[in-house]
Amino acid sequence: MAVPSPDGGMNRAAWRDPTVQGELAAWTSRLNAVGIGITRTELEQRVWDLAVGYVDVRTAVLTPFQPYYRYCGTWQSWKMFIAPHRYPSRLHIDVYERGAWAPLYVARSAEHDWHRRQLDHDRMRASIFRYAWRHYRRHYAKFGRWVAIHVARERPDAEQVRLRFYKYRTATPVEVRSHTEPEGEWTNELLLDLAHYRCPEGECPGAPKAGR
Amino acid sequence: MWGRWVGFCTRTEPGVSLAVFRIGVGLCVMITVGWVMGADLVGVIWVDQASGGIGTVGSGRIVSALGGPTLPVMNGLSWAAVLAGGCLAMGLGGRVMAFVALQLLMATVDINGDAGGSYDELLENAVWLCVLGPTTTTLSLDCRLRTGQWTSEEGVGVWARYLVVFQLVLMYASTGYQKVSSYWVPGGDFSALYYILQQPSWHRFDMSWVAYVFPITQIATAISWFWEVLAPFWLLAFFWSETPDRPGVARELANRWRVREVFAVIGLVFHASLLVLLDVGPFSLVSLAFYAGLVHPWEWPGRGATRI
C-alpha cells in the first residue's frame, strides 16, 4: 500500500499545467544529456502509459485488502511535497458594491482578511489549493456558492462577488534579490450575482449554480 | 529462523514508550478535530450544502447511520471524537477506546477528501496501532484502576513498538521515493525547499527572504531527501540499538556513531522547521508522537540506565 503510486496525479488535463510540463522538460534535458534521445512529448506519453499500467496492476493487487484499509484507517498514501508547485495560485475574492470592486480576501494577506480564521485554516488551504486545478472546478463552484451566500448575508449593499486565482511563476532567488517579479495571469474566475443569494436562512442552497 | 521470529514476537519490555506514544496520539486526535471546531469550520467543510456547508462532503457508515452530514450530526461526532481522543490520552478503555476513537476520527476527517491531507492518514494509522498494541499498561487510568498505581512494569510485546517505528520509517521512505522532481533529486540544484516555501498555499508568512539564504535551503533540501530515502537504515539502527548485546560490526559502529539519534535529530529539526514556517496542519505533531517509539523504555528520564 505504501509503495509509491501516481494515482492522485492521473489526470491528463492536469499534466498540461506548466509545473508538470516544466518537470517533463527538465527530465527530457537530463535524459538527452546522458545520450537518450527523446522529446518532451515522447517522454510524457511514455510516462503516462507506464503510469496507467502500473496503477492498473497496483489496484488489482490491493483490491482484496481494501476492506482492511477502509475499516481500519490504514491507507498509506505519502505523496507529500513530492514536487514544488512552480506555478502556484493565490485566491482573491472581490466584492462589487457602490459601483466599484473591492478586495475582500486575498490568501495570506493581513489586510484583506474576510473570514480569514476559516479560509486560512490548514484544511481550507488544502481545499483552496485543489480548487485552483481545473479538474476540481465543480467543487470550486460549490465553494463559490458558499462565499456568495455569506457575502450576500453580511454585505447588504454588495451586488456581485468575484473569485479568481492569480497564477504566477514563483520568482527564482536571483529574481527576488534583484526585485524582479514574474508576471502572472488571472485564472478560474467565478462571477456571482448576489441577488440570487439573498434568501431566508437555509434556503440558499437552491440558488443557481455558479457560472464560469 | 522461525525460532528467532517467535522469540522476537514473544519478547516483552515495559510499556512506557508505547504509553507515551498513546498519550501523544490521543492529544493529536483532540487537536486535529478541536482545531476544526475552534475555527468554526465544522459547519463549512464537514456538512452538506443544505446545512450551510460548501457541500463537497461524502459520507460514511457512521454518518449515514446517524442521518447524514448535517450540522447536529457532525457537531456531535466532533465532540465525541475529541472526548474519545481525551480518553485515549488518559489511557481509559484500552483497545476498545482506541477503536472507538479511530472510527470517530474517520467519520469526521475523512468525510471531505478536499479538506485534509496525509496527516489524517498518519493519525489514523497511529490510532490503529493503539488498537493493535497494549498501550495502556502504564501511565494510564486503566493502570490506576487495575493496580492502584499510575505506573506499572508489566511487560508488553516489543513487536508493538517496532510497528510504531516501522510506520514512521515507512512514511518517510515512501514519500522520499516519490520525490522524483528535478528540484529534489541529486543532479539538480536542490531548490525544492526554496520553491515549496514560496507556495502561498502553505507558508505562514512571506518567505521571499529565503532567497538571501538560498544555499542553506539547498543544503536542507539535500539533507531532507537523503534522510527520507535512507530512512530504512533508521529502522535498522533502531533494531541494533535495541539489541546492543548481539554481535556484529555494523551494529557496533551504528551504535557507536549513534545513527538512530542522528536520524532522530534531523527529524526533530525538520518538524520544528515545518511547524514554524509552514501550516500543514497537525502533521508534525502526529509525526512527533511516533518518535516516542524510538526511545527504549530504559532510556526515559527517571528510569535509570539499566535495561530491563
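In what follows, every chain begins at residue 1, and chains take the letters A, B, ... in the order their sequences are listed.
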Given heavy-atom pairs under 4.5 angstrom as the criterion, report whether the side chain, backbone, both or neither of [X] touches chain A.
X	result
B/Met106	side chain
B/Val185	both
B/Val131	neither
B/Phe205	neither
B/Leu193	neither
B/Trp209	neither
B/Leu170	both
B/Trp225	neither
B/Phe283	side chain

TODO: Tell me, yes or no, whether the heavy-atom count around A/Phe65 atom CZ, taken from other residues, nucleotides or ligands under 6.0 Å, exceeds 12.
DONE: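 Incorrect, the count does not exceed 12.
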Task: Over 12 foreign heavy atoms within 6.0 Å of CZ, A/Arg30 - done: yes
State whether the side chain of [X] and the backbone N or O of [Y] hold a donor-acceptor pair below 3.5 Å, judged by distance alone.
X	Y	answer
A/Trp75	B/Leu122	no
B/Glu121	A/Ser77	yes
B/Gln199	A/His85	yes
A/Glu23	B/Ser182	yes

TODO: Tell me, out of B/Val36, B/Val127, B/Leu197, B/Leu41, who's got the most heavy-atom pairs with chain A below 4.5 Å.
DONE: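 Going by pairs under 4.5 Å, I would pick B/Leu41.
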Open item on the list: Please rank A/Met124, A/Arg108, A/Arg90, A/Glu175 by heavy-atom pairs under 4.5 Å with chain B and give me the top one.
Closed with: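 Most pairs with chain B among the choices: A/Arg108.
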TODO: Under the side chain to side chain donor-acceptor pair (under 3.5 Å) rule, what do A/Tyr71 and B/Arg61 come out as? Steps first, then yes or no, please.
DONE: CA-CA 10 Å; A/Tyr71 294 111; B/Arg61 299 175 310 281; 5.1 Å; no
Do [X] and [Y] have side chains that get closer than 4.5 Å, going by heavy atoms?
X	Y	answer
A/Tyr68	B/Trp128	yes
B/Ile45	A/Trp146	no
A/Phe81	B/Ser224	no

- [ ] Examine whether an atom of A/Arg130 lies under 4.5 Å from a heavy atom of chain B, and if so say whether it belongs to the side chain, the backbone or both; otherwise answer neither.
- [x]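 The side chain, not the backbone.
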Task: Side chain / backbone / both / neither for A/Tyr168 at chain B, heavy atoms under 4.5 Å - done: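 The side chain, not the backbone.
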Open item on the list: Please determine whether a side-chain nitrogen of the Lys or Arg among A/Arg123 and B/Asp120 lies less than 4.0 Å from a carboxylate oxygen of the Asp or Glu.
Closed with: yes
Task: is_close_aromatic(B/Trp202, A/Phe129), centroid dist under 6.0 Å - done: yes
Task: Flag for B/Asn125-A/Gln76: side-chain donor and acceptor within less than 3.5 Å - done: yes
